[in-house]
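First the structure, in the form of structure tokens, and then the observations on it.
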Amino acid sequence: MSVKIRMKRVGTKNTPAFRIVVADGRSPRDGKFIEEIGTYQPLKKSDNVTLDLDRAKYWVSQGAQPSETVASFIKKATKAATATA
């Protein structure tokens, strides 16, 4: 079983909104998922990503493969967390 960290679309037409979820690689994009770890709202100008960084790091340590977009969100969140600490 391949576990992936990817985005699930929940927004309406012309109003995209995404949830960042941990899901089995075989499940459909908007289908069943294991855990929700964040959100992404591309139309917001600032602070458009919320991510539970601890859970993301946990799932990556367990072998979950993040998509390219989610990997960039994790990288930015890690950089921001180290800058504030």
Side-chain angles (χ1 to χ4, degrees):
M1 180 170 103
S2 169
V3 177
K4 307 237 184 244
I5 303 174
R6 62 184 181 204
M7 295 193 298
K8 172 183 180 175
R9 185 179 171 127
V10 293
T12 60
K13 189 181 351 178
N14 298 322
T15 312
F18 298 91
R19 292 184 181 153
I20 301 170
V21 297
V22 179
D24 182 2
R26 298 171 292 184
S27 66
R29 179 191 73 178
D30 296 338
K32 192 169 94 172
F33 60 92
I34 300 169
E35 181 179 0
E36 181 183 329
I37 60 172
T39 60
Y40 172 56
Q41 296 175 336
L43 296 182
K44 282 179 74 176
K45 295 296 181 196
S46 63
D47 196 29
N48 58 357
V49 176
T50 60
L51 181 65
D52 187 351
L53 191 57
D54 293 333
R55 293 305 293 167
K57 287 182 178 182
Y58 167 77
W59 280 107
V60 170
S61 72
Q62 295 298 312
Q65 297 293 316
S67 67
E68 290 181 24
T69 307
V70 173
S72 72
F73 293 155
I74 292 171
K75 185 177 177 181
K76 288 177 187 175
T78 303
K79 186 181 276 188
T82 57
T84 58

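Computation of the quantities below employed the complete heavy-atom set of this structure, encompassing side-chain atoms and omitting hydrogens, waters and symmetry-equivalent molecules.
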Open item on the list: Give me the atom names and distance for the closest heavy-atom approach of A17 to P42.
Closed with: CA-CD, 4.5 Å
Task: Atom of N14, atom of L43 and distance for their closest heavy-atom approach - done: O-CD1, 4.0 Å
TODO: Kindly give the heavy-atom pair with the smallest separation between I20 and T50, and that separation in Å.
DONE: CD1-O, 4.3 Å
Task: Closest non-hydrogen atom pair between E35 and W59, with its separation - done: OE1-NE1, 2.7 Å
Open item on the list: Please verify the inter-ring angle class for Y40 with F73; under 30° counts as parallel, over 60° as perpendicular, anything in between as tilted.
Closed with: tilted
TODO: Could you check if a side-chain atom of T78 sits within less than 4.5 angstrom of a side-chain atom of K57, using non-hydrogen atoms only?
DONE: yes
TODO: Step by step, work out the side chain to side chain contact (heavy atoms under 4.5 Å, CB included) result for I34 and V21.
DONE: CA-CA 7 Å; I34 300 169; V21 297; over 6 Å; no
TODO: For atom CZ of R55, decide whether the heavy atoms of other residues, nucleotides or ligands shown that lie under 6.0 angstrom number more than 12.
DONE: yes
TODO: Look only at the side chain of D52 and the backbone of I37, and say whether a donor-acceptor pair between them is shorter than 3.5 Å.
DONE: no
Open item on the list: With a 4.5 Å cut-off on side-chain heavy atoms, are K4 and S67 touching?
Closed with: no
Task: Residues, nucleotides or ligands: over 12 heavy atoms within 6.0 Å of E68 CD - done: no
Open item on the list: Quick check on the hydrophobic clustering: are V49 and V10 connected, directly or via other members, by side-chain heavy-atom contacts under 4.5 Å?
Closed with: no
Open item on the list: Quick check: do R19 and F33 have side-chain heavy atoms less than 4.5 Å from each other?
Closed with: no
Open item on the list: Walk me through whether M7 and T69 qualify under side chain to side chain contact (heavy atoms under 4.5 Å, CB included).
Closed with: CA-CA 8 Å; M7 295 193 298; T69 307; 3.8 Å; yes
TODO: Examine distances only and state if a side-chain atom of S27 and a backbone atom of K32 form a donor-acceptor pair shorter than 3.5 Å.
DONE: yes
Open item on the list: Working to the nearest 0.5 angstrom, can you tell me the gap between D47 CG and Q41 CD?
Closed with: 9.0 Å
